[in-house]
Number of protein chains: 4
Amino acid sequence: MRATYEALCAEGYSDLTAQAIADRTEKSKAALFYHYDSKEGLLAAFMDYLLEGYEHRVALLAEYPPAERLAAFVEWWFSPASDDPTGYHTAMLELRARAPYDERFREKLRASDAALRETLTDILEDGVETGAFQPHDSEAVADFLLATLDGARIRRFTLARDAYSDHVRAGVVEYLHNYVFSPDTTYPTDPVTFPADDRLTGSTDTGDGGGGAPSADEDAR
Amino acid sequence: MRATYEALCAEGYSDLTAQAIADRTEKSKAALFYHYDSKEGLLAAFMDYLLEGYEHRVALLAEYPPAERLAAFVEWWFSPASDDPTGYHTAMLELRARAPYDERFREKLRASDAALRETLTDILEDGVETGAFQPHDSEAVADFLLATLDGARIRRFTLARDAYSDHVRAGVVEYLHNYVFSPDTTYPTDPVTFPADDRLTGSTDTGDGGGGAPSADEDAR
Amino acid sequence: MRATYEALCAEGYSDLTAQAIADRTEKSKAALFYHYDSKEGLLAAFMDYLLEGYEHRVALLAEYPPAERLAAFVEWWFSPASDDPTGYHTAMLELRARAPYDERFREKLRASDAALRETLTDILEDGVETGAFQPHDSEAVADFLLATLDGARIRRFTLARDAYSDHVRAGVVEYLHNYVFSPDTTYPTDPVTFPADDRLTGSTDTGDGGGGAPSADEDAR
Amino acid sequence: MRATYEALCAEGYSDLTAQAIADRTEKSKAALFYHYDSKEGLLAAFMDYLLEGYEHRVALLAEYPPAERLAAFVEWWFSPASDDPTGYHTAMLELRARAPYDERFREKLRASDAALRETLTDILEDGVETGAFQPHDSEAVADFLLATLDGARIRRFTLARDAYSDHVRAGVVEYLHNYVFSPDTTYPTDPVTFPADDRLTGSTDTGDGGGGAPSADEDAR
DNA sequence: CATGAATGAGTATTCATTCAT
DNA sequence: AATGAATGAATACTCATTCAT
């Protein structure tokens, strides 16, 4: 899985070869095909692996108050990828772009999207319950936020124009204050960091989160 | 160019072969390489072609009042692609995803993005001038809107979940009323249609707009 | 051996993989190589196994009168394979075709051929002794008959033209009457059935013959 | 076609690789796939090529009297292959053995078989007309003869026991005298040689026939 | 005995690109 | 300007065989 991750970052999806993955392993290319039925099968497994990781990481935030969690989630999309900024997200974008042609990927992508939406709606509903958020249609808000955050991230790394991000972040914060937060709730200036997937990053630790290379595609890695 | 468009729609970017393009031409594959230095060069030319088309089409809207133009622009992103919904957008997304690996594409993409932003800021500033819009930071608004619209479209066709779009559109309209429109401006219920690129669609004409398969990537086709 | 037989029927010789054989076993593929030095070695053993079976089955006919045995032998070649008509014979034909390239197979094939010829010459000589057959060169007759019968069977299943068989059978019967049978001997209308190899068929028994899927290649299975 | 022939002789069918064919060409392996859609397609074309050759060669015999032609045909099956005795026939046998698995081959094989049968029935009927042959069922005789001749040839080269051939030939001649020839017709001692396919043999010439490597499978090369 | 894991050496096929004509 | 033919370099996937356990 890790070799797959690294190869994906380095080569991108469409240039990804079985050899490139094997090269990042101690095993041979043939070993890959012994364990997975095909390159696609391997990638499907990889997507499952990412999703599992995402769900685990989200769970780590459960204790925090809704506003804090929401901010952590939002900031996560804007955080500069540490290791391989373009690499991973680009690869993931290619993968998303291939989904329409591949049944298997489409499913995985949907599952990841569902996970992201659920994360958001959970937070939003929690907030309403605790009174931190005003009553609202959590599904609608989640969809709007995801579109904006997803679009912002994609644009950031495909256009390599970090400047855009500030405008979008400001817009999002404003939106939240206007439609989501209760009058006395404010957007946390320095929220918890959304935990990174430390199975993929060279050496992370932390317990409170860690920086990592946050990001969430439909794949919600 | 048209053959390229069709091949791209039919095969997707990563499956696109020089042969597939030539097959949609009266000439041979070798002729492609006589006129373009490489497959990438051909695609770069195609992106230029799209951009030209976009600029021409935007110009057609110049006469309309700002609110009308803004609504036309917004709706354009949500319009269901008539001909080949997935095909074209998917291909374009793949292409965008490849940009980080290709200098040439990156440039084209930036140019397209600039064109889109300029379209928006032009409209926004026009609106402020005519009083239809309240004073605001047009660059910030443009960036926020583009992120949201782009994200919404990408998510629509990669996840094939049309439902999302309504939530996003509603959010955008709300946003416009809150931050852009003057108190007495309202979002046009049935705005002009953003003109389609009739060089690529079977046979369009119109002057007022035409239906077409609107869409605008960073590529602003 | 049985797994080998089944795999051979199902896959044909040239598509036969060690895995396919192992799959029809309770053991692993590696176990195959523990017991046999190579795939070819396994097949060589299989050919021995077939030959043994053949010899055992021929012995069961010893009691019958020569004309009866001869007819049983002849009819055997024309009998429609019950289970897997094409499968087995085809596989065997492939195997025979590979013989020229493999010393080991060639030997086995010769042994099988020798067994077949001996069966025939035994019958023919018995018949001369008992007076049922006229004096003749049993070796020559055996060779002629085997060529005809072998050719007929091969043509039947490679061309899938059952019609041919009747012409050949008629020709053979005529030949026998002319050159082999004594004036008062006639070709038995309903001779004993040549015994099938009940180690390979689902569950046969019989002593008097049994139906089975008779056939005899040079391999004389 | 010639490279295919040579590769087939040298490697056999199941070991036949595209590379092996290309190696016998001045072109590259890729060139093979430029001209043929697949290895199988190439072989299918090869079989057509053989059939064409066969038909052309048969035509060359048209002038000879029936008995002469019949003997030429019969002897052809017994003629020792000059160039590559085992090679070619073996390869063809493998190919025949693969036919049950391949629609395309099956068709070609049937066509070849039909050509062989027609050759025989034509000769037989001609003979009856000219009075050289007694009246008989030419289809039945053709089927019987083909089975015997085909079986004889297959057995000869898979068992490498030339001795058998004499017995079979004698049987065939006897059969012909008994069932086909008119009382005053005799089997020509030294008939015309069935023409070889000089497109495949290194350097043939002759006009009367030439020795070549006669043989006729269902493939009737 | 048995096996899960692993692999080296293939194999057909693809494709952007070239080039003689 | 155009092309049919050709190709080198890849690429996913296969398989008989090995081996540590």
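First the proteins, then the strands, lettered A, B, ... as listed; each starts at 1. In this text, all values refer to a predicted model and were calculated from it rather than measured experimentally.
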Could you state the CD-P distance from D:E26 to F:dA5, rounded to the nearest angstrom?
-> 16 Å

Rounded to whole angstroms, how far apart are NZ on B:K27 and P on F:dT3?
-> 6 Å

Using a heavy-atom cut-off of under 4.0 Å over every strand shown, decide if C:L16 touches base, sugar-phosphate, or nothing.
-> sugar-phosphate

Under 3.5 Å, is there a donor-acceptor pair between the side chain of B:R110 and the main chain of A:L159?
-> yes

In Watson-Crick or G-U wobble terms, with both distances under 3.5 Å, the base opposite E:dT18 is F:dA5

So C:F105 and C:Y13, would you call those rings parallel, tilted or perpendicular, with 30° and 60° as cut-offs?
-> perpendicular

Any Lys/Arg nitrogen of C:E40 or C:R98 sitting under 4.0 Å from an Asp/Glu carboxylate oxygen of the other?
-> no

Starting from C1' on E:dA6, measure out to CZ on C:F33 and report it in whole angstrom.
-> 14 Å

Expressed in angstrom and rounded to an integer, what is the separation of B:D23 atom CG from E:dC15 atom C1'?
-> 13 Å

Rounded to whole angstrom units, what separation is found between the OH atom of C:Y36 and the C1' atom of F:dA16?
-> 17 Å

Is any side-chain N or O of B:K29 under 3.5 Å from a base N or O of E:dT17, one able to act as donor and the other as acceptor?
-> yes

From F:dC13, E:dT14, E:dG4, pick the nucleotide closest to the side chain of D:A30?
-> E:dT14

Have a look at B:L32 and say if it touches a base, only the backbone sugar-phosphate, or nothing, with a 4.0 Å heavy-atom cut-off.
-> nothing

Nearest whole angstrom, please: distance from the C1' of F:dA16 to the CG of C:L43.
-> 12 Å

Can you check whether D:S14's main-chain N or O pairs, donor with acceptor, with D:E94's side chain at less than 3.5 Å?
-> yes

Between atom CG in D:D15 and atom C1' in E:dA9, what is the gap in whole Å?
-> 14 Å

Please state how far atom CD in D:E11 lies from atom P in E:dA12, giving the value in whole angstrom units.
-> 11 Å

Please examine the side chains of A:Q19 and A:D23, heavy atoms only from C-beta on, and report whether any two atoms are closer than 4.5 Å.
-> yes

5'-most by nearest nucleotide on DNA chain E - C:Y34 or D:Q19 = C:Y34

Donor-acceptor pair under 3.5 Å: do we get one between D:K39's side chain and the base of E:dT13?
-> no

Distance below 4.0 Å between B:H35 side-chain N/O and F:dA2 OP1 or OP2 | yes

Using a 4.0 Å heavy-atom cut-off across all strands, classify A:A18 as base, sugar-phosphate, or nothing.
-> sugar-phosphate

